[in-house]
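Reckoned from all heavy atoms, side chains included, excluding hydrogens, waters and symmetry mates. These figures come from a predicted structure and were not determined experimentally.
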Amino acid sequence: MNDLLNPKVEESDSSALLGLAGGSASTVSITGQIKRLGVSLVGVEVSLGTTSFSSKNTTSSTTNDAGRFYLDIPTGPATLQFSDGGTLVTIQLMVTPMGATVGFINNSSYSVQSLDVYVLGAEPVYLELLSSIPYDGLVIDSGIYSLITEEGFTFTFLEEVAYPSNPSLWLAENVSTNPSISFASPSFSKELVTIRLDGSLTSNQPYTITLNSGIKTDSGKSIRPTTIRFMTGELGL
């Protein structure tokens, strides 16, 4: 499960409109989740700085129980950094008043998901995806595929997911894949959602799976739309 693709671009599409004055840089607030091999990274200090970790800016945020950071940051190119058990990770971003894009991460074991730009001082609250199989960058080999065919795709959230009256309709409205993957009806067990395959994956094929904002708690808290990119190897089908 440690074979990874290079991280792909993820772009936020916040509706917050924070204008630029005369084309000069403005300061916006951004948030995102840091994950290692698809699992939220809790309690790391994410700092806004330069490519030299020793000269980082004092602006920083410690990731919460969902691996989420919150930072005020100037628009334009930016570098985020953190140390995970001695491993220095550098994330290059392009930040605009409308969104943030991940350009590059220097270690493919790490990813940034659920990026958002929000109004200064108004931190958004989401139903958080803590971990998943598949996760962003996973290469599914025969061993992992055997596990998936037995247990399905699994998504673990921070809070209990509201049980839908029509699970099949919920699946159609809230989970999309490219290319198409045939699924059976999903099952719900508090914070865990399991979606079993109803067919086969194709060998040596890149896939995306997108979770949409209709995935909610009973109180109406929604997941931020999240796209997971993974690939299959030679599955020996």
Side-chain angles (χ1 to χ4, degrees), residues 2-20 23-64 66-120 123-124 126 128-129 131-132 134-139 206 208 210 224-231:
N2 293 331
D3 294 329
L4 297 172
L5 301 173
N6 288 327
K8 303 293 185 180
V9 168
E10 179 180 346
E11 183 174 351
S12 71
D13 59 353
S14 172
S15 60
L17 298 176
L18 304 173
L20 291 174
S24 61
S26 61
T27 297
V28 298
S29 294
I30 67 169
T31 182
Q33 284 179 289
I34 303 292
K35 294 186 177 181
R36 181 182 62 212
L37 300 179
V39 179
S40 297
L41 197 59
V42 177
V44 298
E45 183 182 5
V46 180
S47 299
L48 171 63
T50 68
T51 55
S52 172
F53 189 70
S54 61
S55 62
K56 67 185 180 182
N57 191 285
T58 55
T59 302
S60 65
S61 171
T62 301
T63 56
N64 63 16
R68 181 171 293 282
F69 65 87
Y70 297 88
L71 284 171
D72 295 341
I73 186 169
T75 55
T79 300
L80 303 184
Q81 297 171 321
F82 62 89
S83 179
D84 177 27
T87 299
L88 176 61
V89 181
T90 300
I91 303 165
Q92 294 179 356
L93 299 177
M94 178 57 69
V95 181
T96 75
M98 293 294 293
T101 301
V102 177
F104 175 75
I105 302 177
N106 72 330
N107 188 317
S108 59
S109 294
Y110 298 85
S111 62
V112 182
Q113 288 187 326
S114 188
L115 272 173
D116 197 7
V117 170
Y118 60 96
V119 175
L120 293 170
E123 294 182 358
Y126 309 97
E128 301 282 23
L129 177 66
S131 63
S132 65
Y135 55 79
D136 204 49
L138 176 65
V139 176
T208 63
T210 299
R224 177 158 179 79
T226 300
T227 296
I228 297 168
R229 300 166 179 88
F230 64 97
M231 184 172 183

**Student:** Kindly compute the distance separating CG (Leu48) from CG (Leu93), expressed to the nearest 0.5 Å.
**Tutor:**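 Leu48 CG to Leu93 CG: 9.0 Å, rounded to 0.5 Å.
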**Student:** List the atom of Gln33, the atom of Leu129, and the distance in Å for their closest heavy-atom pair.
**Tutor:**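 Result for this residue pair: NE2-O, 3.1 Å.
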**Student:** Are Leu80 and Val112 packed together at the side-chain level, in the sense that at least one heavy-atom pair is separated by less than 4.5 angstrom?
**Tutor:**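 No, too far: nothing below the 4.5 Å cut-off.
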**Student:** So do the side chains of Ile73 and Val28 get within less than 4.5 Å of each other, counting heavy atoms only?
**Tutor:**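 Heavy-atom side-chain distance check passes, below 4.5 Å.
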**Student:** Hey, does Val117 have a side-chain heavy atom less than 4.5 Å from the side chain of Pro97?
**Tutor:**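 Result no, sub-4.5 Å side-chain heavy-atom pair not found.
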**Student:** Please name the pair of heavy atoms, one in Val44 and one in Ser83, separated by the smallest distance, quoted to 0.1 Å.
**Tutor:**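 Closest pair (atom of Val44, atom of Ser83, distance): CG1-O, 4.2 Å.
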**Student:** Nearest 0.5 angstrom please: Leu71 CG to Ile30 CD1, how far?
**Tutor:**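 With rounding to 0.5 Å, CG (Leu71) is 5.5 Å from CD1 (Ile30).
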**Student:** Which residues pass the side chain to side chain contact (heavy atoms under 4.5 Å, CB included) test with Thr62, not counting sequence neighbours?
**Tutor:**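 Glu45.
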**Student:** Roughly how far, to the nearest 0.5 Å, is the OG atom of Ser114 from the CD1 atom of Ile34?
**Tutor:**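 Interatomic distance, Ile34 CD1 to Ser114 OG, rounded to 0.5 Å: 11.0 Å.
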**Student:** How many angstroms lie between atom OH of Tyr70 and atom CG of Asn64, to the nearest 0.5 angstrom?
**Tutor:**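 If I round to the nearest 0.5 Å, the distance is 5.5 Å.
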**Student:** Among Asn107, Asp84, Thr87, which one satisfies side chain to side chain donor-acceptor pair (under 3.5 Å) with Arg36?
**Tutor:**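 Among Asn107, Asp84, Thr87, the one meeting side chain to side chain donor-acceptor pair (under 3.5 Å) with Arg36 is Asp84.
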**Student:** Does the side chain of Thr31 reach to within under 4.5 Å of the side chain of Arg68, using non-hydrogen atoms?
**Tutor:**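 Thr31 reaches Arg68 side chain to side chain.
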**Student:** Which heavy atom in Ser132 sits nearest to a heavy atom in Pro134, and how many Å separate them?
**Tutor:**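 Residues Ser132 and Pro134, closest heavy atoms: OG-O, 2.7 Å.
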**Student:** Does Ser61 reach the main-chain N or O of Val46 with its side chain, forming a donor-acceptor pair under 3.5 Å?
**Tutor:**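 Pair absent, no side-chain N/O of Ser61 close to backbone of Val46.
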**Student:** Rounded to the nearest 0.5 Å, what separates atom OG1 in Thr226 from atom CG in Leu115?
**Tutor:**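 CG of Leu115 is found 10.0 Å from OG1 of Thr226.
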**Student:** Should Phe69 and Phe82 count as side-chain neighbours, where that means a heavy-atom distance under 4.5 Å?
**Tutor:**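 They are not in side-chain contact.
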**Student:** So which heavy atom on Pro74 is nearest to which on Val95, and how close?
**Tutor:**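 Of all heavy-atom pairs spanning Pro74 and Val95, the closest is O-CB, 4.1 Å.
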**Student:** Report yes if some heavy atom in the side chain of Thr227 is under 4.5 Å from a heavy atom in the side chain of Thr210; otherwise report no.
**Tutor:**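 They are in contact (side-chain heavy atoms under 4.5 Å apart), so the answer is yes.
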**Student:** Could you go through the side-chain contact (heavy atoms from CB on, under 4.5 Å) check for Thr96 and Thr75 one step at a time?
**Tutor:** CA-CA 5 Å; Thr96 75; Thr75 55; 5.5 Å; no
**Student:** Which of these passes side chain to side chain donor-acceptor pair (under 3.5 Å) with Gln113: Lys35, Glu128, Arg224?
**Tutor:**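 That would be Lys35.
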**Student:** For the side chain of Ser131 and the backbone of Val39, is there at least one donor-acceptor N/O pair under 3.5 Å apart?
**Tutor:**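 A pair under 3.5 Å: no.
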**Student:** What's the separation between atom OG1 in Thr79 and atom CG in Asn106, rounded to the nearest 0.5 Å?
**Tutor:**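 With rounding to 0.5 Å, OG1 (Thr79) is 10.5 Å from CG (Asn106).
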**Student:** Not counting sequence neighbours, which residues clear side-chain hydrogen bond (donor to acceptor under 3.5 Å, both in side chains) with Tyr126? List them please.
**Tutor:**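 In terms of side-chain hydrogen bond (donor to acceptor under 3.5 Å, both in side chains), with neighbours along the sequence ignored, Tyr126 is linked to Asp116.
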**Student:** Taking all heavy atoms of Leu41 and all of Thr63, pick out the closest pair and write down the distance.
**Tutor:**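 Closest approach of Leu41 to Thr63, heavy atoms only: O-OG1, 2.8 Å.
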